[in-house]
Each structure stands twice: as structure tokens, then as C-alpha cells.
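Quick notes on the structure that follows.
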Amino acid sequence: MQDQCQLFSMVPLLRAAEKASQQGKPAAIGAFNVNFYSQAMGILEGLRRSDAPGIIQASRGANKFQGGPEKIQGMVLQAMNDSNHTLPVALHLDHGNEEQAKVCTDEGFSSVMIDASTLEFEDNIKLTQDIVQYAHAKGLSVEGEYGKLAGVEEDVIHEATTYADPYLVPFFFNESKADALAVAYGTSHGPNKGSAGGLEKLAVHIVEQSYKGMVAYGQNNDHFLVSHGSSTVPPEIVAEINAQGGTVKGAAGIPMHKIQEAVVAGIRKINIDTDLRLGITATFRKWFNDNPGVETTSADILMPIKKALDEKLDAIDPRDYLKVIDAGLLRTDPKGTILEEVMILVQERIASHVEMLVQKFGSAGLAGTVDRVSLSEMAAIYKA
Ligand code: G3H
Ligand code: 13P
Ligand code: ZN
């Protein structure tokens, strides 16, 4: 395990967003899913362009793809060092289970999510509480989830949204002591969020009511609301994928103005995965089309990627076409390798999208306002 000291708990980052919001500038911190090095570099570059604190998160799937938390941590720290990234960053486990949350706590993450949302309410609180005890002892922040988002969540599929009851949110925080809570308010994971951007399912008043309750109980400086499934699914990126031979159908995201409404209502962390997947896929498809026959120049690496893209025209998850090569290649700087050219384009695509998103989320310019409390200091605060 490498040095964790460059990584922060989510708490000081989310608190900076809460403070800005209280001062009349509604803000939320962007949390971006990562699966490979150039993706991490793109996220970091976008954060720097906006002087924003940020959360890099890896799902259980991402941990499996890269071979575990130590590998992910090494990759992210490498990207931070290679780009001289000095702005505050948290490395967070996304949608963890009990085992993974404990492993990530022990192996280099600075924050974990325990997604016990499939359990009964009381059991959800109990398991969240257990992880809080485990992770707070090392100063890590913990995110729980209450309610069920429609769509695919790791390996679980929910047909419909089960909305969080806002009146129980302060109770959840009080009992579990979680630092952050994902509340189901009608967003969903993936590129198909429903017609009209799933607007008919959105219930921002759940966020508003939850936040009001937190303020009433004096929780809002230490506990924070999270919005999952928040990708905007830009139609122009979907159109580009399809113009380059892809067949992504029924794509719709959450309109930016609804995300911003949710930030005004009290959201302080916004999860984005799908938008980055779409940008990466558009870039790969275009690069292969712009460079016909390039796959023969490195048949062992490029050919399998091209073949996987040709076979799965509706692919948007880069792991679908990148799993065909050695994950180790994707964990390091592609400079000097056959992937360098396409990865430069991927990095830029991600950087410009992240830069734009954090501007819209209101966290641009907040990096200097984050109180840089270390994980060991956080552990001492929790213990007191
Ligand atoms: O929760 C969903 C995120 O988009 C992570 O997705 O588990 O496929 O990496 P993943
Ligand atoms: P999207 O699929 O909308 O990007 O949501 C990502 C997410 O919630 C990760 O936990
Ligand atoms: Zn999620």
C-alpha cells in the first residue's frame, strides 16, 4: 500500500460545499467513477482547470477490473503525482458491500460507501453503523444509501424507484452516524434514465425536505446528501457514438437544470459515471474510424479492442472493450505505448467534461476553502 496522506476524507470537501451553499453559492462536489489511468488523469485535469476539490470513486466492478483497492489506489496516486495534483481529492469506494468496504478501508481508500439499500430499513442502518465504526477508526468517511434507484446498481436490478422518506433521513444519520447518505429521489444509473430525462420520476422535494430536517436537527455541517445516477447523458455524445458506428438506443440523462435544482435543495455530492463512459466510447470509435487499419500495427493490443467494439455496437462501458487487453497496461501512463495517441484524446475529452460539470455544480474555485484535515486527525475527531 502506498502513502494515503495525499488523500482526504470526503467530509472536509463536502463541508466546503455546504459552507459555500450557506453563503448563498449552492455547491456540490463532483464524484467521478474511474476504471483506468488516463480516465483518472482526465478527471484530475478537469478539476485543476476549475480549481475544484473532487472525489474519484471506484466501484466494486472497477476494483475487480483493476485487481483490487491497492491497485486502484496506486493508479490514482500515480496519476496525482504525474500531474502534480495538489488540490484536495478523496478516493472513495462506490456501492460497496460489507466485505469490500472493509477491504478498501484497510487498503488505501480515504472513503467508503456501504450500499445496504436492499436490506430492510433497520438492517440497513445496522450494517451502515458497523461500517461507520470500522472506517471512522481510521478516519475514513462513510456513505450509506437509503431508498432504491431504478435500474442496474452493481449486480442488483431494481425495476422501479423506491423513494427515500425524507422524514427518516435525520433518523438514519443519527442512528448510523454515516457522514453522507445517497437518497433515492428518482434518478437512476446508466444511459437510459427514461423519456424526457426521467423528469416525471424526479422528486427534488425529497432532497429539500431531507435537508430541512437535517438543518432542524443541526446535522448539516457534518452530514451530507448525495445524488447518484446524475449523468446528463449529453445527446451530442450519444449522436457521435452512433455516427461512428455505435447503436446506443433510448439514451436520456438528468437535465442539468434539475441537478442544479437538487443542489439548491441540499445535494452536496454528485455521482457521474455514464457521461465519462460515453465520452470514452465516442473517442475510441472515432479514433479507429479516423485511423483505418491501425489495429494491424499492434495486433495483440488494438485488434482485440477494435473487434470487441465491432461485436458490441451498443457498448458504452469501456471495460467491455478494454477487458480484452492486460489491465496492467491501463493502470499506467500510456506514454510511449500504442495506446498513447487514443488515450491523449480520451484524457482531453474527460477533462473538458469534468471542467464543465464542476462549474455547473458550483464547486469550481472551492479547492482553497477545503480544510485539509488528515485521515488520522479525522480519526481523532470521531473518537472524541
Ligand atoms: O453504480 C453504478 C456506477 O455507475 C458504477 O458502475 O459497477 O459498472 O462500475 P460499475
Ligand atoms: P450515472 O450512471 O448517472 O453516471 O450514475 C453514476 C453513479 O451513481 C455511480 O454511483
Ligand atoms: Zn450510484
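If you read the sequence from its start, that first residue is 1, and numbering goes on from there. Start at 1 and go down the list; that is how both ligands and their atoms are numbered.
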Practice problem: Test Phe173 against Ile125 for side-chain contact (heavy atoms from CB on, under 4.5 Å), laying out the working first. | Solution: CA-CA 9 Å; Phe173 276 125; Ile125 288 179; over 6 Å; no

Quiz prompt | Min N/O separation Asn33 to ligand 2 under 3.5 Å | solution = no

Practice problem: Could you tell me whether Ser231 and ligand 2 have an N or O pair separated by under 3.5 Å? | Solution: yes

Quiz item: Which angle, to 10 degrees, forms at the Zn ion (ligand 3) with NE2 of His95 on one side and ND1 of His228 on the other?
Solution: 90°

Quiz item: If you look at His189, which of its N/O/S atoms is nearest to the Zn ion (ligand 3)?
Solution: NE2

Exercise. Answer yes or no for Lys64: is there a heavy-atom contact with ligand 1 below 4.0 Å?
Key: no

May I ask you to decide whether [X] forms a salt bridge with [Y], counting only side-chain N to carboxylate O separations under 4.0 Å?
X      : Y      : result
Glu45  : Arg48  : yes
Arg49  : Glu348 : yes
Lys335 : Asp333 : no
Arg15  : Asp222 : yes
Glu122 : Lys126 : no
Lys312 : Asp314 : yes
Lys269 : Glu143 : yes

Self-check item: Reference residue Ser210; test side chain to side chain contact (heavy atoms under 4.5 Å, CB included); the match among Leu181, Leu225, Ile267
Solution: Leu225

So, regarding [X] and ligand 1 (criterion: nitrogen or oxygen to nitrogen or oxygen, under 3.5 Å), is there a contact or not?
X      : result
Asp317 : no
Ser59  : yes
Arg319 : yes

Quiz item: Is Asp94 touching ligand 1 with its side chain, its backbone, both, or neither, if touching means heavy atoms under 4.0 Å apart?
Solution: side chain

Exercise. Record the part of Asn33 in heavy-atom contact with ligand 1 below 4.0 Å; permitted values are side chain, backbone, both and neither.
Key: side chain

Looking only at protein heavy atoms, which one is nearest to [atom], and how far off is it?
atom                    : value
atom 7 (C) of ligand 2  : His189 CD2, 3.3 Å
atom 8 (O) of ligand 2  : Gly229 N, 2.8 Å
atom 1 (P) of ligand 2  : Thr274 OG1, 3.4 Å
atom 10 (O) of ligand 2 : Asp94 OD2, 2.6 Å

Quiz prompt | Ligand-side contact atoms (ligand 1) for residue partner Asp273, heavy atom cut-off under 4.0 Å | solution = 3 (C), 4 (O), 5 (C), 6 (O)

Quiz item: What part of Ala31, side chain, backbone, both or neither, has a heavy atom within less than 4.0 angstrom of ligand 2?
Solution: neither

Quiz item: Taking non-hydrogen atoms only, is Ile272 closer than 4.0 angstrom to ligand 2 via side chain, backbone, both or neither?
Solution: backbone

Quiz item: Is it the case that more than 12 heavy atoms not belonging to Glu99 sit under 6.0 Å from its CD atom?
Solution: no

With heavy-atom distances below 4.0 Å as the criterion, list the atoms of ligand 2 near [X].
X      : value
His228 : 8 (O), 10 (O)
His95  : 10 (O)
Lys193 : 1 (P), 2 (O), 3 (O)
Gly190 : 2 (O)

Exercise. Tell me, please, whether Tyr211 has Arg268 positioned over its six-membered ring: NZ or CZ under 6.0 Å from the ring centre and within 45 degrees of its axis?
Key: yes

Quiz item: Side chains of Asp275 and Pro234: closer than 4.5 Å at any heavy-atom pair?
Solution: yes

Quiz item: Which is it for Thr274 and His189 under the side-chain contact (heavy atoms from CB on, under 4.5 Å) test, yes or no, and what are the steps along the way?
Solution: CA-CA 8 Å; Thr274 298; His189 292 109; 6.0 Å; no

